[in-house]
Amino acid sequence: MAEQMLSDITEGCRLPVLRRNQQNEEEWPLAEILGIKEQNGRKQYYVHYVDFNKRLDEWVMYERLNVRRMQIPRKDAKTPTKNGSGSCSRPGSPDREMVVCPRPFLHNPSSQNGGSRRPLVSTVGRKRKALSMPMDEDSQDSSDSVPAVPLPRQTGSLVCDKSHDDIVTRMKNIECIELGRHRLKPWYFSPYPQELTSLPVLYLCEFCLKYFKSLKCLQRHMHKCSLRHPPGNEIYRKNHISFFEIDGRKNKNYSQNLCLLAKCFLDHKTLYYDTDPFLFYIMTTYDCKGFHIVGYFSKEKESTEDYNVACILTLPPYQRKGYGTLLIEFSYELSKVEIKTGTPEKPLSDLGLLSYRSYWSQTILEILIDLKSENGDRPQVTINEISEMTSIKKEDVISTLQHLSLINYYKGQYILNLSQEIIEGHQKAMAKRELRIDSKCLHFSPKDWSKRGKW
Ligand code: ACO
Ligand code: ZN
């Protein structure tokens with residue numbers, strides 16, 4: 001290896017990097033060097049694959065770099081644009097633009113540790129009061145206390161993704177999280193205390209989500225922690241699945257710890273310091289040891305834009321098993337009880353869009369296929385009726401029908417053509433969908449938050 005070559009590799013360089021795809025085949029996609037570190041006398045390079053989602057970013061050794069095809073950033077290169085143009089860019093694949101989930105927040109170090117109170121740092125996209133944090137109701141022990149990483153306060157519009165320009169936040173910082181019987185590999189940065197980022201494993205109490213630097217500390221905590229389910233009210237139970245409703249104001253510690261964990265898998269653009277305006281719906285599976293968190297979604301207590309979900313997440317060990325669809329179905333069941341239509345907060349992540357499209361398609365097709373004709377005429381239904389029956393916002397109904405290429409304009413009216421292929425595809429998908437929400441098991445009465453002086 002030429003010494004010169006090695007020292008030429010700097011942040012901002014782009015070059016093909018060896019990786020294995022989902023089929024376990026070798027490929028050499030173009031990647032950008034975002035960071036360099038030395039471990040045991042050997043250099044490692046943090047790479048972002050240009051056309052791939054940021055969750056695939058990783059540390060690699062020199063052997064995986066094709067330095068012969070390296071593009072070195074021009075010295076006069078301008079500050080990169082958001083979509084990654086400019087030779088010395090931050091991760092900027094088009095994909096990345098989609099995978100931005102709203103609703104993040106930075107942790108208030110004191111809330112876990114009972115130490116001095118600092119306001120949560122935020123990259124607030126819309127104006128909220130700059131609150132100083134009230135005392136938490138569920139004070140926790142202060143042993144093993146570690147302050148959360150202080151990030152610069154940022155402001156900006158909802159689409160402004162400034163936190164990613166920050167050198168601290170653009171690389172994943174947690175190697176591994178142990179949560180109950182699972183080990184999770186984070187996809188994105190999360191503002192856990194800096195001291196904890198160098199650990200091989202971060203230990204979380206799977207019930208209160210408090211974090212610890214060692215297994216010993218966690219075990220000590222487990223003797224004291226009496227929780228065996230998320231705090232809040234259990235508002236749904238069927239078989240082994242339960243949902244708990246958590247008020248971000250009443251259960252601040254839990255909500256903040258949940259957001260810290262969720263941030264590992266949600267590539268946010270906005271960081272909220274304040275969980276008060278949100279409700280959190282935690283989905284769990286039950287066994288003799290307790291109610292284990294599978295996923296959650298958050299929801300604004302009041303939304304002027306009809307959002308019925310702010311952030312939604314299935315923890316990686318449970319993904320692709322139908323739980324995401326179940327969370328989505330549950331969010332619409334809540335909207336049905338509220339007699340409202342709703343939509344997830346935009347923009348959706350790539351996986352969020354796939355999951356919502358799949359849910360919307362199945363739900364709308366179910367209605368269309370079940371339509372009965374009267375007097376031998378073609379069955380009729382309006383977009384409004386579909387929207388009212390499903391609580392799916394009108395715009396999402398229309399976009400789904402368009403996505404499925406079902407709408408045709410014929411002789412002055414819109415006709416929906418359901419091909420046999422579509423019907424069969426739908427029946428196959430529904431047969432696979434074993435987990436369903438049973439509205440009879442939901443015990444939920446919506447609150448009118450606008451009538452309350454304070455959330
Ligand atoms: N690749 C391809 N299709 C996928 C994938 C994937 N990795 N993940 C989900 N889908 C699609 C599929 O059509 C799938 O149905 P199928 O398995 O029958 O083909 C459908 O989405 C739903 O799959 P589920 O198993 O029900 O969903 P899952 O439990 O995996 O959860 C979720 C989906 C919540 C989006 C999960 O991937 C996740 O937590 N991702 C990280 C966080 C995130 O991106 N959240 C959404 C942000 S947008 C927002 O918060 C409003
Ligand atoms: Zn605990």
Side-chain angles (χ1 to χ4, degrees), residues 97-106 119-120 122-131 153-163 235 245-252 255-256 258-259 262 266-281 296-313 327-349 352-353 355-356 359-360 363 383-384 386-400 444-455:
E97 298 293 295
M98 289 170 59
V99 186
V100 179
C101 180
R103 251 352 143 233
F105 104 132
L106 279 185
L120 290 172
S122 73
T123 59
V124 180
R126 67 183 107 158
K127 287 182 187 135
R128 290 202 190 283
K129 294 172 285 181
L131 300 174
R153 188 182 180 85
Q154 310 221 3
T155 54
S157 75
L158 269 173
V159 271
C160 176
D161 191 359
K162 283 186 180 166
S163 64
I235 60 166
E245 185 186 54
I246 280 144
D247 184 324
R249 186 178 70 82
K250 291 189 186 153
N251 287 104
K252 222 177 274 279
S255 307
Q256 291 173 354
L258 174 65
C259 289
L266 286 158
D267 189 18
H268 295 127
K269 62 180 180 208
T270 342
L271 294 176
Y272 280 103
Y273 53 90
D274 183 11
T275 58
D276 288 18
F278 295 93
L279 294 165
F280 296 84
Y281 293 92
Y296 88 103
F297 65 87
S298 55
K299 175 173 178 167
E300 280 176 298
K301 291 172 181 172
E302 288 180 273
S303 168
T304 47
E305 282 130 310
D306 299 333
Y307 292 139
N308 64 354
V309 163
C311 277
I312 186 163
L313 168 76
L327 283 165
I328 295 173
E329 187 178 3
F330 190 81
S331 71
Y332 283 106
E333 283 304 319
L334 296 186
S335 296
K336 284 181 196 169
V337 179
E338 292 167 350
I339 323 176
K340 282 182 186 165
T341 60
T343 185
E345 194 168 297
K346 310 297 178 313
L348 299 173
S349 68
L353 182 63
S355 307
Y356 267 96
Y359 174 81
W360 290 332
T363 309
I383 302 285
N384 272 336
I386 298 176
S387 177
E388 275 166 26
M389 281 187 263
T390 57
S391 275
I392 298 173
K393 207 177 170 185
K394 240 170 73 178
E395 288 78 353
D396 297 330
V397 174
I398 296 169
S399 77
T400 306
F444 168 73
S445 39
K447 295 185 183 72
D448 186 353
W449 296 100
S450 66
K451 290 208 176 119
R452 297 174 174 233
K454 190 177 174 232
W455 293 310

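Just so it is clear, the values below take in all heavy atoms, side chains as well, and ignore hydrogens, waters and symmetry mates.
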Between Glu388 and Ile386, is any pair of side-chain heavy atoms under 4.5 Å apart?
no
Closest approach of Glu245 and Phe444, non-hydrogen atoms and distance?
OE2-CE1, 3.5 Å
Counting heavy atoms not belonging to Lys336, are there more than 12 under 6.0 Å from its NZ?
yes
Could Glu338 and Lys299 be called an ion pair, given the rule that one side-chain N must be under 4.0 Å from one carboxylate O?
yes
Would you say Phe280 and Phe297 make side-chain contact, with heavy atoms under 4.5 Å?
no
Residues in ring pair (Phe, Tyr, Trp, His ring centres under 6.0 Å) with Tyr356, at least two apart?
Trp360
Answer whether the closest heavy-atom distance between the side chains of Ile246 and Tyr281 falls below 4.5 Å.
no
Contact between Pro344 and Asp396 at the side-chain level, heavy atoms closer than 4.5 Å - yes or no?
yes
Please list, chain by chain and in numerical order, all residues satisfying salt bridge (charged side-chain N to carboxylate O under 4.0 Å, His left out) with Lys340, sequence neighbours excluded.
none
Between Tyr296 and Cys311, is there a side-chain heavy-atom distance shorter than 4.5 Å?
yes
Taking atom CG of Asn308 and atom OG of Ser391, what is their separation to the nearest 0.5 Å?
8.0 Å
N-O pairing of Lys301 and Asp247 below 4.0 Å:
yes
Please examine the side chains of Glu300 and Pro277, heavy atoms only from C-beta on, and report whether any two atoms are closer than 4.5 Å.
no
Separation of Thr343 OG1 from Glu395 CD (nearest 0.5 Å):
7.5 Å
The reported gap from CD1 in Ile312 to OG in Ser355 (rounded to nearest 0.5 angstrom) is 7.5 Å
When you compare the side chain of Pro446 with that of Val337, does any pair of heavy atoms fall below 4.5 Å?
yes
Could you give the distance from CZ (Phe330) to OG (Ser335), rounded to the nearest 0.5 Å?
10.5 Å
Applying ring pair (Phe, Tyr, Trp, His ring centres under 6.0 Å) to Tyr359 and not counting sequence neighbours gives Tyr332
Is it the case that the side chain of Lys252 and the backbone of Lys250 share a donor-acceptor pair, with hydrogens and angles ignored and the cut-off at 3.5 Å?
no
Output for pair (Glu345 CD, Glu305 CD), nearest 0.5 Å, gives 7.0 Å
Inter-residue atom distance Leu266.CG - Ser349.OG, 0.5 Å rounding
7.0 Å
Check whether any side-chain N or O of Thr275 sits under 3.5 Å from a backbone N or O of Gly248 as a donor-acceptor pair, and report yes or no.
yes
Using modelled atom types and a 3.5 Å cut-off, is there a donor and acceptor pairing between side-chain atoms of Ser387 and backbone atoms of Ile392?
yes
